[in-house]
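Below is one structure, written out as structure tokens; comments come after it.
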Number of protein chains: 2
Amino acid sequence: MTYGADGWTALSDPTRRAIFERLADGPRAVGELARGLPVSRPAVSQHLKVLKDAGLVSDRPVGNRRVYQLNPEGLGALRAYLDRFWTLSLDAFKQAAEQSNKEVS
Amino acid sequence: MTYGADGWTALSDPTRRAIFERLADGPRAVGELARGLPVSRPAVSQHLKVLKDAGLVSDRPVGNRRVYQLNPEGLGALRAYLDRFWTLSLDAFKQAAEQSNKEVS
DNA sequence: CCGCTCCGTAAGTCATCACTTACGGTAAGC
DNA sequence: GCTTACCGTAAGTGATGACTTACGGAGCGG
């Protein structure tokens, strides 16, 4: 149930976000991803492991290669977390604005 | 270098998430936040600076203290980013499922 | 004015992490 | 069977970051 690495730790790295965004265009193999990135292929493999542990991507073997794609599961968890604090932040913002008005008046 | 701190870098740290979640209950001062956390008060100040640079919290001086609260601005940016990839991940997931069915049959 | 509380910042330490090269294991083509 | 391409992992290194203590500035009450 609980993933080894949370989604924010996974997406905090710019290189991992670049991989993540590239996978949004469609499934890609490891070497194909590494070819367009300024890091080595093993580095991409390590990043993909982190993204996989966070539930953000999933992989499947296709012949000789290993194809990765986005996984809605981890993404949904992040969305749920943000939505939980979204309305709360709006309420706090409104209340702060009202209190600020009271102080001014 | 720590150029513009993005929201994921800010929320990747567990201590910062704890601060962030505590602020969801309402505005709090720095010492009040530090009192319930296993880190020192200066550490909380540094974390609040990161959260503020990411646009996730805002602060205002109240007498002698400095009160922090959630800021919808940074939170909205994170939500927008996730929503942009949410449907894409669902599409990729569906297509993968269809292709998997074809392979089985 | 003085002491107290609150807070941010500077400097230093220690762990974590992103990256590299090197290696072993597996599938496809000849 | 042999070579080639693709991939994951191990080991080592340099840099980033999270934390500490120490210090200085600002508001409040005596």
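All chains are named by letter (A, B, ...) in the order of the sequence lines, taking the proteins before the strands, and each is independently numbered beginning at 1.
- In this structure, B:Asp6 places its CG atom 14 Å from C1' of D:dG17, rounding to the nearest Å.
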Test A:Phe20 against A:Leu70 for side-chain contact (heavy atoms from CB on, under 4.5 Å), laying out the working first. CA-CA 7 Å; A:Phe20 182 75; A:Leu70 294 187; 3.5 Å; yes
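- Atom P of nucleotide D:dT20 and atom CG of B:Leu37 are separated by 11 Å, given to the nearest angstrom.
- Atom pair A:Trp8:CH2 and D:dG17:C1' shows a separation of 20 Å (rounding to whole Å applied).
- The interatomic distance linking A:Leu33 (CG) with D:dC6 (P) rounds to 13 Å, in whole Å.
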Return all side-chain donor-acceptor pairs below 3.5 angstrom for residues 25-52 of chain B, not counting sequence neighbours, or 'none' if the list is empty.
{"unit_1": "B:His47", "atom_1": "ND1", "unit_2": "B:Arg16", "atom_2": "NH1", "d": "3.2"}
{"unit_1": "B:Lys52", "atom_1": "NZ", "unit_2": "B:Asp59", "atom_2": "OD1", "d": "3.2"}
{"unit_1": "B:Lys52", "atom_1": "NZ", "unit_2": "B:Asp59", "atom_2": "OD2", "d": "3.4"}

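- Using a 4.0 Å cut-off, some side-chain N or O of B:Tyr68 falls inside it from OP1 or OP2 of C:dG8.
- In this structure, CZ of B:Arg16 is placed 8 Å from P of D:dC19, rounded to the nearest angstrom.
- Look at CG on A:Asp13: it is 11 Å from P on D:dG17, rounded to the nearest Å.
- B:Trp86 and A:Pro72 make their closest contact through CZ3-O, 3.2 Å (heavy atoms, listed as atom of the first residue, atom of the second, distance).
- To the nearest 0.5 Å, the span separating CG on B:Leu78 from CG on A:Leu78 amounts to 9.5 Å.
- Residue contacts shown for B:Pro42 include a base, since a base heavy atom lies under 4.0 Å away.
- Per the geometry, NZ belonging to B:Lys49 stands 14 Å off P belonging to D:dG17, to the nearest Å.
- The CZ atom of A:Arg28 sits 13 Å away from the P atom of D:dC7 (whole-angstrom rounding).
- OP1 or OP2 of C:dC19 has not a single side-chain nitrogen or oxygen of A:Ser40 nearer than 4.0 Å.
- Contact annotation: B:Arg66 side-chain N/O to D:dA26 OP1/OP2 distance is not under 4.0 Å.
- Each of A:Leu23, A:Ile19, A:Leu75 was scored for a side chain to side chain contact (heavy atoms under 4.5 Å, CB included) with A:Val57, with one residue passing: A:Leu23.
- Of the inter-residue distances, the one linking A:Arg17 atom CZ with B:Trp8 atom CH2 reads 6.0 Å to the nearest 0.5 angstrom.
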Where protein sits on nucleotides 23-30 of chain C, one letter per nucleotide: B base, S sugar-phosphate only, - none, heavy atoms under 4.0 Å: ---BBS--
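- Nearest-nucleotide positions on DNA chain C for B:Arg65 and A:Thr15 put B:Arg65 closer to the 5' end.
- Closest approach of A:Ala24 and B:Leu88 over heavy atoms only: CB-CD1, 3.7 Å.
- Closest to the side chain of A:Gln46, out of C:dC7, C:dT20, C:dA11, is C:dT20.
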